[in-house]
Amino acid sequence: MQNFISLAQIDEIADVVRRKISIQPMVGMILGSGLNGLADSIQNPIRIPYSDLPNFPTSTVHGHVGQFVIGELEGKPVIVMQGRIHYYEGYTMGQVTLPVRVMTRLGVKSLFVTNAAGGVNGDFVPGDVMLITDQLNLMGMSGLNPLMGPNLDEIGPRFPDMSQPYDKEYCDSARKVAKENGLTLREGVYAGLSGPSFESPADLRFLRLAGADAVGMSTVPEVIIARHGSMRVLGLSGISNKANLDGSTITTHEEVIEAGRVITPKIETIVRGVLRAM
Ligand code: HPA
């Protein structure tokens, strides 16, 4: 039997964070592979390494730093995860989503989540940014839902609604910001797999048939936990590579990180614009 994380454990971490900060963060942000730069432009930052927090998982992936940065962005109080935890690192789903639980208990009302993803939609090219309008919970379909185990009734219901994982108003706001800034914003469904192996050509053809536009190894569990706690979610995928439906090219972690350099300023513009409009 898996050990599930209790409310007391979540609150112990939230208390440590609360003691170190003097603002009430309103928006939580999770920055994906190669997209960490935004955390460096936060004003009046307080940095809390994950290793300073009791029983907190730390990221083991190259290119992922591991700390919370709390401060202001566009005048709004934010708590940013610089470096996220992935299921493929060997953590439980509870550990992967613990940072979002902590944000919920800190009173954070919105979650902005970014990731690097493979483009399954044939129209997408590396460097594109996709507004996530819905998600395919493939991990959950195979028994890896982060809400398994005792329900935390203080946070949300046993069977939470998932009809609107990504907030419609935030989506509209992101579209408006992209338009105002002359940015092409793709839209679509993000499919979450566990990784760490990239997909086979048959996996990718299956995902395309299932309605996926992008595929990655994160985000879906965090969004489920955010929605369980009634947070409103904005999701953006940076398309770092074209998914290889015919097996003619290979995908590497290096190209994912490299594409982040093109994608980061676009995501930053959208995130800043949506924040400003809040
Ligand atoms: N597949 C899965 N995850 C990813 C990819 C991909 O092609 N690119 C970046 N993250």
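Only this structure's heavy atoms are used, side chains among them; waters, hydrogens and symmetry mates stay out. Counting convention: from 1, in listed order, for ligands and their atoms alike.
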Any idea which protein heavy atom is nearest atom 9 (C) of ligand 1, and the distance to it?
Ser240 OG, 3.3 Å
Atom NZ of residue position Lys176 - does it have more than 12 heavy atoms of other residues, nucleotides or ligands inside 6.0 Å?
no
Please say whether the positively charged group of Arg232, taken as NZ for Lys or CZ for Arg, lies over the ring of Tyr170, i.e. under 6.0 angstrom from the six-membered ring centre and within 45 degrees of the axis.
yes
Thr219 vs Asn115, test: side chain to side chain donor-acceptor pair (under 3.5 Å). Steps then yes/no.
CA-CA 7 Å; Thr219 302; Asn115 57 51; 2.7 Å; yes
Result of checking Val17, Ile13, Val16 against Ile48 for side-chain contact (heavy atoms from CB on, under 4.5 Å)
Val17
among protein heavy atoms, the one nearest atom 3 (N) of ligand 1 is Gly216 CA, 3.4 Å
Decide, yes or no, whether a salt bridge links Glu154 with Arg105 under the criterion of side-chain N to carboxylate O below 4.0 Å.
no
Within 6.0 Å of CE in Met162, more than 12 heavy atoms from elsewhere
yes
I need the atoms of ligand 1 closer than 4.0 Å to a non-hydrogen atom of Met217, numbered in the order shown.
2 (C), 3 (N)
In ligand 1, the atoms that come under 4.0 Å of a heavy atom of Asn241 are 5 (C), 6 (C), 7 (O), 8 (N), 9 (C)
Atom 10 (N) of ligand 1: which protein heavy atom is closest, and how many Å away?
Ala116 O, 3.3 Å
Nearest-contact summary for atom 2 (C) of ligand 1 - protein heavy atom, Å:
Glu199 OE2, 3.1 Å
Check each heavy atom of Asn115 against ligand 1 and say whether those closer than 4.0 Å belong to the side chain, the backbone, both or neither.
neither
Protein contact of atom 5 (C) of ligand 1 - nearest heavy atom, named by residue and atom, plus distance
Gly118 N, 3.4 Å
